[in-house]
Amino acid sequence: MNNSLISQIRLYFTHTLGLPESDADELIAIARQTLEEGIAGLETSLNQNDIPQVRYWAHSLKGNFQNLGLHDLAQNALKMENAALAKDIQLAAELVTPIKHAISRILNFEFDADSSLLDSNTT
């Protein structure tokens, strides 16, 4: 199964940062856990109109995306963080869709820790 977002993250870790594949796989597994926690916290905060927590979770996701080399998504999270800072909960809620979609793609990727994230024909 090929997931271009997972491929992009993996290439960032292995080529840009020079990490071994095993370290990249481990970091992706950890990132999936933190992203799952982050989107759950963000959605709860939005549902409760808790602006400080929206800002917290947007900031957290921004850092996660930067660490994964997903700079466009980090910019979206920054916009959400800034909307929360401006107390514009409606704008923050509107910005969650691309973030939620990306996280869903990462979380729904079938990952066997004993195998590569990529199909053999995509490497």
Which atom names give the shortest non-hydrogen contact between [X] and [Y], and what distance separates them?
| X | Y | result |
| --- | --- | --- |
| Ala58 | Leu42 | N-CD1, 4.4 Å |
| Ala77 | Phe65 | CB-CD1, 4.4 Å |
| Tyr12 | Gln66 | OH-O, 4.1 Å |
| Ala24 | Phe13 | CB-CB, 3.7 Å |
| Ala84 | Ile51 | O-CG2, 3.1 Å |
| Leu5 | Ala102 | CD2-O, 3.6 Å |

Determine, using the 4.5 Å side-chain heavy-atom cutoff (strictly less than), whether [X] and [Y] are members of one ILVMFWY cluster.
| X | Y | result |
| --- | --- | --- |
| Leu68 | Leu27 | yes |
| Leu78 | Leu73 | no |
| Leu91 | Val54 | yes |
| Ile6 | Ile30 | no |

Can you tell me how far the [atom1] atom of [X] sits from the [atom2] atom of [Y], to the nearest 0.5 Å?
| X | Y | atom1 | atom2 | result |
| --- | --- | --- | --- | --- |
| Asp23 | Ile28 | CG | CD1 | 11.0 Å |
| Met80 | Lys62 | CE | NZ | 12.5 Å |
| Leu70 | Leu61 | CG | CG | 11.5 Å |
| Leu85 | His59 | CG | NE2 | 12.0 Å |
| Asn64 | Gln33 | CG | CD | 11.5 Å |
| Ile106 | Ile9 | CD1 | CD1 | 4.0 Å |

Legend entry - Close side-chain approach of Ser60 to Glu37, heavy-atom, < 4.5 Å: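 Ser60 does not reach Glu37 side chain to side chain.
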Inset, instruction - Indicate yes or no: at least one non-hydrogen side-chain atom of Arg32 is less than 4.5 angstrom from one of Leu35. - result: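 Not touching, per the 4.5 Å side-chain cut-off.
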Inset, instruction - Say whether, by atom type as modelled, one donor and one acceptor occur between the side chain of Ser104 and the main chain of Lys100 under 3.5 angstrom. - result: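 Not at all, since once roles are kept as given, no pair shorter than 3.5 Å links the two residues.
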Inset, instruction - Assess whether atom NE2 of His71 is packed by more than 12 heavy atoms of other residues, nucleotides or ligands within 6.0 Å. - result: yes
Inset, instruction - Scan Thr34, Thr44, Ile103 and name whichever one has a side-chain contact (heavy atoms from CB on, under 4.5 Å) with Ile39. - result: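 It is Ile103, the one option of Thr34, Thr44, Ile103 that forms the side-chain contact (heavy atoms from CB on, under 4.5 Å) with Ile39.
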Legend entry - Side-chain donor-acceptor pair present, Ser45, Arg55, cut-off under 3.5 Å: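 The criterion, which ignores hydrogens and geometry beyond distance, is not satisfied for Arg55 and Ser45.
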Inset, instruction - Begin with the C-alpha distance, continue with both residues' side-chain angles, and end with the deciding distance and a verdict on side chain to side chain contact (heavy atoms under 4.5 Å, CB included) for Val96 and Leu46. - result: CA-CA 9 Å; Val96 77; Leu46 285 167; 4.1 Å; yes
